[in-house]
Number of protein chains: 2
Amino acid sequence: MSDITIVDIAKQAGVSIKTVSRVINREEGVGPATRARVEDLIEKLGYRPNVSARSLSSRRSYLIGVVFMRVGAYHYVGEVQVGAMRACRRAGYHMVIEQVDDPGQARGPGLEQALKAGRFDGLVLTPPVCDDPEILAIIEAQGLSYVRVAPDRDFGRSPYVFMDDQQAAHDMTARLWDLGHRRIGFIDGPADHGSARRRREGYMTAMAERGQRVKPEWISPGDFMPLSGLEAGDRLLGLPEPPTAIFAANDSMAMGVLSAASKRGLSVPTDLSVVGFDDGPLAESSWPGLTTVHQPIAEMAEAATEMLIEGFGDPRFRSRTAARQLDYHIVERGSSTSR
Amino acid sequence: MSDITIVDIAKQAGVSIKTVSRVINREEGVGPATRARVEDLIEKLGYRPNVSARSLSSRRSYLIGVVFMRVGAYHYVGEVQVGAMRACRRAGYHMVIEQVDDPGQARGPGLEQALKAGRFDGLVLTPPVCDDPEILAIIEAQGLSYVRVAPDRDFGRSPYVFMDDQQAAHDMTARLWDLGHRRIGFIDGPADHGSARRRREGYMTAMAERGQRVKPEWISPGDFMPLSGLEAGDRLLGLPEPPTAIFAANDSMAMGVLSAASKRGLSVPTDLSVVGFDDGPLAESSWPGLTTVHQPIAEMAEAATEMLIEGFGDPRFRSRTAARQLDYHIVERGSSTSR
DNA sequence: AACGGCATAGACAACGTTGTCGTATCGTGG
DNA sequence: CCACGATACGACAACGTTGTCTATGCCGTT
């Protein structure tokens with residue numbers, strides 16, 4: 001156990017603890033010689049400041065909470081964590097994760113208590129938690145800083161990071177159109193999920209712009225899980241006039257569509273084009289590879305965490321809202337082709 | 001922000017702060033009447049102890065670190081987190097995650113610094129981190145408690161939680177045998193991954209027990225990612241005498257095998273049986289559904305975290321090693337059938 | 001009535017930092 | 001060479017808990 005404290009460093013360096021503190025925190029008012037001597041000693045003895053003492057005194061915890069709810073596979077959450085962790089490590093912060101859907105523990109008392117006890121410096125909220133009014137209210141009541149990733153509404157309420165889901169879905173739909181597809185099916189995400197809604201809207205407007213009426217049965221509900229993609233795909237392919245291309249609102253459901261096609265003996269992309277959204281690990285390993293929209297999830301989380309650490313998200317300045325937009329791109333693989 | 005402290009409670013209750021502290025920590029030496037009065041006040045004012053002060057004073061951080069490395073998809077890691085979080089919430093702990101493979105940050109300075117600064121009460125280690133001697137050395141040098149999930153060796157080194165991978169793979173292989181399969185292919189996991197090794201051994205011994213020689217080309221390397229399953233499956237199916245069943249060491253690779261089969265126009269399970277290991281989200285949504293071994297990942301992580309909190313894993317008692325075994329079961333779906 | 005022992009409670013000093021304020025020391029312009 | 005403002009540093013009190021030690025009250029025993 002690291003038993004050496006700031007006092008040990010101060011003694012050995014022949015300075016006061018305050019001077020050591022100044023060196024650690026890169027404050028001014030320390031001569032170059034003294035600074036070097038203290039830094040060497042810190043390095044030599046392997047000293048690390050005690051986080052508890054530091055946060056007790058400074059009222060900062062150096063803890064960032066990442067609040068999420070499991071929707072679909074773990075890929076999204078995993079990428080968020082990777083990105084947030086990168087930003088935390090860089091700034092000397094730690095990352096605590098708070099999940100919001102463990103039965104009975106989640107909302108209300110569970111999260112609230114965790115937040116109160118946690119003393120976070122700030123929170124990164126991901127969809128769909130970032131749009132849950134109840135949860136936002138709890139967080140704001142605690143006076144906590146937060147930055148949202150890909151929120152769906154209340155854009156003035158906090159800083160956020162986003163990518164243009166709607167435009168991406170629009171581009172993807174246009175691409176299918178240009179390949180000659182006219183009957184294009186769409187598999188929707190969960191009803192309360194903002195990204196899912198925007199993707200659907202992108203699809204709708206692209207079709208509308210081209211004067212193509214979207215029959216209601218072309219849009220099939222889903223929940224981002226592969227099974228729902230299988231079922232939805234099955235429904236679409238069972239139509240009297242089945243679509244020649246299916247756009248699933250995420251990759252997992254697109255995988256389900258591939259299964260549905262193979263179940264019916266249809267070959268992709270010859271008989272049916274399939275495209276997804278996310279560019280998760282499945283997209284490149286399926287056969288054929290999945291054409292999909294690459295979403296910079298880790299980068300968005302990283303940017304959000306950075307903003308948080310830089311002090312955006314502070315409740316006192318929340319009106320000074322900031323937004324950062326990141327780019328998507330379409331990754332073409334073998335699952336789509338011209339008609 | 002919760003600005004009320006133990007002093008406020010003490011004043012209003014007309015007792016000393018120490019008495020309030022005793023109530024909070026459920027210590028003895030407080031009369032029932034006093035206890036009730038203090039508890040009511042705590043409830044009424046919504047008081048929560050300040051974690052920093054508490055840990056500064058008591059030398060416990062109420063923080064559990066979950067150390068992992070991303071291998072394959074996020075499913076394993078996600079399940080681990082869910083389980084560990086359940087145990088943490090129950091005991092009033094928080095969960096900090098530390099990833100070990102972010103390029104350049106990971107091992108060595110990155111992790112070490114994070115551990116030193118983190119002041120964790122204990123660590124939960126998952127494969128393959130739990131078998132990395134370098135990392136174990138760092139952790140032990142810090143004098144930190146830890147419990148391992150599914151370690152591969154050094155069983156006396158710390159408490160651990162495990163399931164019998166070898167027996168499970170053995171059972172699965174026997175099951176394929178009983179269905180009439182003789183040429184059974186196996187797709188291996190990463191070389192340094194203990195679970196992968198044990199699964200392979202289970203497969204080998206089951207075959208050996210039945211007097212079936214395993215040709216070297218029946219075992220194809222993989223890395224737990226779906227793409228490697230596709231490639232390995234392709235290799236196996238391209239053999240002059242291809243296997244009639246393929247056992248992949250995890251579900252992701254089994255998905256790749258399904259793709260490889262559909263690429264060659266083979267139908268599963270008619271032309272080829274495919275089985276996996278993990279029972280992740282893909283297993284039930286592929287078509288056909290994947291026969292696989294259900295692994296209680298979340299439960300193992302939960303048990304490990306519990307043990308940690310209960311004080312196993314303390315370096316002073318590490319020799320008093322404890323192990324908890326959890327059960328697997330085979331989930332039969334449509335991807336395997338008799339020959 | 002004096003005593004010992006137990007249950008209950010309080011005083012006070014840690015814990016290891018940061019914040020505030022005060023004080024030497026030094027260079028500089030008049 | 002003096003006054004003066006920087007610059008560099010230190011003393012000391014927070015921060016909100018827990019741990020240790022001590023004090024009080026009350027009971028049953030002798």
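Here is how names work: the chains are called A, B, and so on, in the same order as the sequence lines, proteins then strands, and each is numbered from 1. Hydrogens, waters and symmetry mates play no part in the numbers below; they use all other heavy atoms, side chains included.
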Examine C/dT8: is either OP1 or OP2 under 4.0 Å from a nitrogen or oxygen in the side chain of B/Thr34? Give yes or no.
->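 Negative; the distance criterion is not met.
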
Within the pair B/Thr19 and C/dA9, is there a side-chain N or O less than 4.0 Å away from OP1 or OP2?
-> no

For [X], salt bridge (charged side-chain N to carboxylate O under 4.0 Å, His left out) partners two or more places apart:
X: B/Asp40; answer: none
X: A/Asp8; answer: none
X: B/Arg37; answer: none
X: B/Asp121; answer: none

Plane angle bin for B/Tyr93 and B/Tyr62 - parallel if under 30°, tilted between 30 and 60°, otherwise perpendicular | tilted

A/Arg90 with A/Glu302: basic N within carboxylate O range, under 4.0 Å = yes

Non-hydrogen atoms of A/His94 and A/Cys88 that approach each other most closely = O-SG, 4.1 Å

Flag side-chain contact, heavy atom, 4.5 Å: A/Ile139 against A/Leu125 =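 Side-chain contact under 4.5 Å: yes.
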
At under 4.0 Å between heavy atoms, which parts of nucleotides 13-22 of chain D does protein reach? Answer with one letter per nucleotide, 5' to 3': B base, S sugar-phosphate only, - none.
-> -BBBBBBB--

How many Å lie between CZ on A/Arg35 and P on D/dA8, as a whole number?
->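 For the pair A/Arg35 CZ and D/dA8 P, the rounded distance is 9 Å.
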
How far does the helix from C/dA1-D/dT30 to C/dG30-D/dC1 bend, going by the axes of its first and last five pairs, to the nearest 10°?
-> 50°

